[in-house]
Amino acid sequence: MGKDLKCYNIFDLRRRALRRVPKGLFEFVDRGTEDEVSLRNNRAVFDSIRFRTRTLVDVSKRNPATTIFGVEHNMPLVIAPTGTAGLMWYEGDLALARAARAAGIPFTLSTGSMTAMERVAEEAGGELWFQLYMWPERRLSHQLVERAKASGYKALVMTVDGASAGNREYNIRNGFTIPFTFSTRNVTDMLLHPRWLFGVMMRYLVTTGMPTYQNYPAEARARLTAGPMGRSSLRTDSLNWGDFDALRKAWPHKLIVKGMLNAEDAARAVDRGADGIDVSNHGGRNLDGIVSPIEVLPEIVEAIGSRATVFVDSGFRRGSDVVKALALGADAVMVGRSTLYGVAAGGYDGARRALEIYHDEIRRILALLGCNRISDLGPQYLKMADPTLRAPLPGRPALRAVADTEAAEA
Ligand SMILES: Cc1cc2nc3c(=O)[nH]c(=O)nc-3n(C[C@H](O)[C@H](O)[C@H](O)COP(=O)(O)O)c2cc1C
């Protein structure tokens, strides 16, 4: 179990991370795009969903374990891909992967991570998934697919919500770039955080050199020029259904599409062979003013039914958030910042602590709901306090059940 680091919830880990890492880096992880309306709404939306509890249920044998793609996991959580884990802590990707393995959940390595996928597979193991961004030269991305296949990754996560980089002005202002370049501003920032400077940056410099994208093929790495973080050359604005079909053909294992918020798109992806859909707004990092995944989750669940596995992410910080999403029809939740705060706060122990917090919170909520198993969760455990969460989406079974209960009571 992870040391508690005197952190009792994810927000405590966030505060600890804030003290440890340079401000520019912290803001890169923590903040959203433009005016951060999406970022705020991703949290606010949970407040308008309330629990309905059952009592006099024996919950002494409750268990938050669940099955994802036929494999039993200790809880319905997956670590989402986040390119900069390796900057939060020395070899942070490995720390996250090991923490996921110890907690019994999958870990997703990002195209933009600082540790080569082969090393993560060899040194951390566990249930590993690989997230893919597509370069304009498709063959470079397909090289990564072949490497992921050869290294035993179990699922490929195709991210589709990055046709353009989000507009994050603070990154430019803070002067944090990848590969790193030194400016007066970020050097001062680093000097003010000596534990990070010596424990992370200097350790890289005396071992493997300046941290950079270790999964990029040599050709792509050679062309890399320093750009503000989040504006790297990872994207192509020509990504389309043909790319999805090509990936489906090339990848023999589970294929998850990440970043869909439209039921028609999700159903189309499943029709063309997707095994999973991750309903996500990229943690409020790409388009400001976008809907929160929770707001469209029920219609997507309805559109794809049981034909594919539904993941959801963006804004999850509490076990109660996770349980609400599951009751609305998701099969599992992906967390991005929660475990990044953890790893920044205390490496492996911090990441472990974040996962332990989720496990404890989910178990507690199950008890208080009067529910023993994840598969028993459903809309009968919820009441939507904000009618707009329901009103524009008539006919969804999940929310119709809530409406029916409320109507019967009125
Ligand atoms: C610092 C950071 C880096 C990220 N990098 C990637 C990435 O490389 N690929 C990707 O598909 N999503 C990336 N994401 C998005 C996450 O996978 C996930 O959708 C998001 O963090 C979920 O929101 P949450 O942070 O509120 O949990 C990143 C998110 C953060 C915070």
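Since the structure is predicted, the reported quantities are computational estimates derived from the model, not experimental observations. Start at 1 and go down the list; that is how both ligands and their atoms are numbered.
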Atom indices of ligand 1 within 4.0 angstrom of S110 heavy atoms, with elements: 7 (C), 8 (O)
Region of P81 engaging ligand 1 - heavy atom pairs below 4.0 Å: both
Centroid separation Y204 to W89 less than 6.0 Å: no
Closest to atom 11 (O) of ligand 1 among T108, V157, T159 (heavy-atom distance): T159
Contact partition for L340 relative to ligand 1, non-hydrogen atoms under 4.0 Å: side chain
W135 ring center near Y216 ring center (under 6.0 Å): yes
Winner among K258, R317, R285 once heavy atoms are compared against atom 19 (O) of ligand 1: K258
Selection residues 69-96 - residue pairs positive for salt bridge (Lys or Arg N to Asp or Glu O under 4.0 Å), sequence neighbours left out: E91-R119
Test of ring centre spacing under 6.0 Å for F316 and Y358: no
Ligand 1 contact on T84 by region, counting heavy-atom pairs under 4.0 Å: side chain
Residues that E118 engages under side chain to side chain donor-acceptor pair (under 3.5 Å), provided they are two or more places apart: R147
Ligand 1 contact on R337 by region, counting heavy-atom pairs under 4.0 Å: both
